[in-house]
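Numbers here are sequence positions counted from 1.
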Amino acid sequence: MPKMKTKKCAVKRMKMSATGKVMRSQGGKAHLNNGKTRSRKRNLRGIVATDKTVAKTYARALQGR
């Protein structure tokens, strides 16, 4: 049986935490930033855990890692 291949697009966008959660960066900070407040842009920094409904799918895409 062949090995599971990692989805390379998933590797560039997500990573697994030490506890097994799928972590991702938040969107909404690349353009149209003039209308957003300073605190709103600051809160979009960093990474967050994915929603439980799609975490299983993302974890399978990262399975080769």
Side-chain angles (χ1 to χ4, degrees):
M1 183 132 199
K3 291 182 181 178
M4 285 289 293
K5 286 192 176 180
T6 304
K7 297 289 184 187
K8 293 302 182 179
C9 62
V11 171
K12 293 171 185 175
R13 288 166 176 81
M14 294 165 269
K15 68 176 189 175
M16 297 294 286
S17 69
T19 57
K21 293 179 183 174
V22 181
M23 306 300 285
R24 64 166 177 85
S25 62
Q26 297 191 75
K29 53 185 188 257
H31 59 95
L32 299 175
N33 289 319
N34 288 339
K36 295 171 189 164
T37 62
R38 192 179 293 178
S39 60
R40 184 174 164 193
K41 289 183 277 191
R42 187 171 58 243
N43 289 332
L44 287 172
R45 283 189 216 145
I47 57 175
V48 292
T50 56
D51 190 44
K52 287 188 284 186
T53 57
V54 293
K56 194 174 183 180
T57 307
Y58 291 164
R60 190 172 291 140
L62 294 168
Q63 195 169 16
R65 286 260 139 189

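- No path of Ile, Leu, Val, Met, Phe, Trp and Tyr side chains, each step under 4.5 Å between heavy atoms, connects Val48 with Met14, placing them in separate hydrophobic clusters.
- A pairwise comparison of heavy atoms in Leu44 and Gln26 identifies O-CB, 3.6 Å as the closest pair.
- Taking Lys21 as the reference, Ser17, Thr19, Met23, Ala49 meet the side-chain contact (heavy atoms from CB on, under 4.5 Å) condition, with sequence neighbours excluded.
- Scored by the side-chain contact (heavy atoms from CB on, under 4.5 Å) test, Asn34 finds no partners at all (sequence neighbours excluded).
- The nearest pair of heavy atoms linking Met4 to Arg60 is CE-O, 4.5 Å.
- Side chains of Gln63 and Thr6 form no contact here, defined as non-hydrogen atoms less than 4.5 Å apart.
- The distance from atom CZ of Arg38 to atom CG of Asn43, rounded to the nearest 0.5 Å, is 13.0 Å.
- The nearest pair of heavy atoms linking Asn33 to Lys41 is O-NZ, 3.3 Å.
- Take Ser25 and apply the side-chain contact (heavy atoms from CB on, under 4.5 Å) test, not counting sequence neighbours, and it matches Lys29, Ile47.
- Residues passing the side-chain contact (heavy atoms from CB on, under 4.5 Å) test with Thr37 are Ser39, Arg40, sequence neighbours excluded.
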